[in-house]
Amino acid sequence: MRVAMIGTGYVGLVSGACFADFGHTVTCIDKDAGKIAALNSGSIPIYEPGLDLLVAQNVKAGRLFFTTDAAEAVRGADAVFIGVGTPSRRGDGYADLTYVYAATEEIAALVEGFTVVVTKSTVPVGTGDEIEAIFKRLRPDADVTVVSNPEFLREGAAIEDFKRPDRVVVGTEEPRAQAVMRELYRPLYLNETPILFTSRRTSELIKYAANAFLALKITYINEMADLCEAVGADVQQVARGIGLDGRIGGKFLNAGPGYGGSCFPKDTIALVRTARDAGTPVELIETTVKVNDERKRAMARKVVKALNGNLKGKTVGVLGLTFKPNTDDMRDAPSLAIIPALQDRGAKVQAFDPEGLHEARELLRGVTFKDDPYDVAEGADVLVIITEWDQFRALDLDRIKLLMNAPVLVDLRNIYKPEDMRARGFAYTSVGRAAV
Ligand code: UDX
């Protein structure tokens with residue numbers, strides 16, 4: 001199959017490289033000439049484990065191309081994917097569809113022969129209808145079917161998620177389009193991955209319903225963590241105790257500083273808007289959004305408490321700035337709420353992140369960025385773990401203790417054990433477990 005992928009952001013690039021690896025011929029298209037030049041010279045604009053190798057192999061095999069010129073690729077494509085961004089619209093939280101509609105108009109001017117136009121971008125219910133209307137208006141002659149095919153890729157594990165998904169959702173009832181989509185995902189079909197064909201609107205909603213449910217699940221365990229702290233229970237054991245029930249499931253029950261990232265925050269808000277407009281508010285998700293926002297700020301209070309209420313003139317060392325490990329993405333990262341709250345209370349902040357420093361420098365003011373965790377510990381009155389990078393799981397704690405002004409650790413991801421920390425002489429606070 002011949003695929004044109006519009007947008008070489010996170011989703012477009014990972015999906016394009018994976019489709020090429022499935023054996024299809026894929027052209028990734030982006031307006032950003034600098035990005036395309038970089039990709040053509042072998043440099044990958046985002047940090048995603050394994051992506052550089054996958055891109056290199058498929059470029060070498062002659063299956064993966066990068067260009068700024070959509071014309072040739074779209075004209076010859078069996079399927080044109082729209083993988084552009086749908087950020088939260090400033091002010092009202094609706095998904096901003098400017099890029100989606102711009103891509104649609106560009107595709108409409110070019111398509112030839114039967115073409116399946118697929119939205120990979122996360123778009124509100126009904127967007128496929130709008131895209132179809134644009135084609136009808138601009139190219140009444142075109143033989144096009146608009147399909148929804150949401151992505152469920154976790155940053156840091158995106159290639160694995162693409163190649164071994166729990167399911168693939170395809171929103172179209174048109175038999176020719178179903179055949180193209182089935183062929184595109186044929187390697188997964190052979191693996192017996194469930195491929196769920198639904199109506200387009202249902203498929204669009206599945207994406208939001210999935211992300212909102214996961215955000216709700218995380219928020220639920222975060223509230224249980226607060227309750228555990230208040231009543232002297234252990235949230236990790238609660239999570240295990242409930243997660244072993246197959247109806248609940250053990251995944252996404254890690255308590256922490258609140259969810260962030262490029263999807264959950266914007267998708268929950270967009271779902272809230274869609275549901276209100278439809279006259280059926282999703283109050284559970286409205287509450288989830290509110291509780292999660294408050295939680296990020298509340299994490300700063302844990303640090304204040306660990307220093308007995310006074311941050312004035314104190315040095316706070318922060319380990320981990322990205323919204324989760326194995327990514328350089330800082331979008332809606334808890335660190336962006338926690339660090340300014342600490343600075344407002346008079347703390348000096350020094351921080352390190354293995355991949356996020358480049359972005360963090362643009363987003364965080366007044367922070368001293370360090371080269372490794374030990375530099376961060378040096379002279380710190382408290383050390384705060386915000387993101388659970390693997391390299392923070394095996395720190396030389398004796399060395400950390402010597403470097404710090406006082407051995408105080410706030411572990412917002414529960415990567416250490418309270419009893420170990422007590423034995424090593426740290427004052428230790430974590431999430432949903434007794435402080436020592
Ligand atoms: C998410 C979805 O998982 C993916 O299917 C989707 O389509 C895109 O959005 P991603 O944002 O990359 O992926 O990260 P994910 O691993 O889902 O984590 C999201 C946030 O939740 C992170 O801030 C993470 O730290 C937090 N989280 C996750 C928890 O706090 N606890 C958990 O148990 C799991």
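Counting starts at 1 for both ligands and their atoms, following the listed order. The first residue in the sequence is number 1, and the count goes up from there. Just so it is clear, the values below take in all heavy atoms, side chains as well, and ignore hydrogens, waters and symmetry mates.
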Aromatic contact, F162 with F22 (centres under 6.0 Å): yes
With a 3.5 Å distance limit and no angle check, can you tell me whether E355 reaches the backbone of T327 through a side-chain donor-acceptor pair? no
Write out the protein residues near ligand 1, meaning a non-hydrogen atom under 4.0 Å from one of its atoms, in order of chain and number. E151, F152, L153, R154, E155, K207, N211, I218, F252, L253, N254, Y259, G260, C263, F264, F323, K324, R413
Answer yes or no: is there a donor N or O on one side and an acceptor on the other, between the side chain of D381 and the main chain of T315, under 3.5 Å? yes
Can a side-chain donor-acceptor contact be found between N191 and T193 if the only test is distance below 3.5 angstrom? no
Do K324 and E388 meet the salt-bridge criterion of a basic N to acidic O distance under 4.0 Å? no
Y10 versus D329, side-chain donor and acceptor atoms under 3.5 Å: no
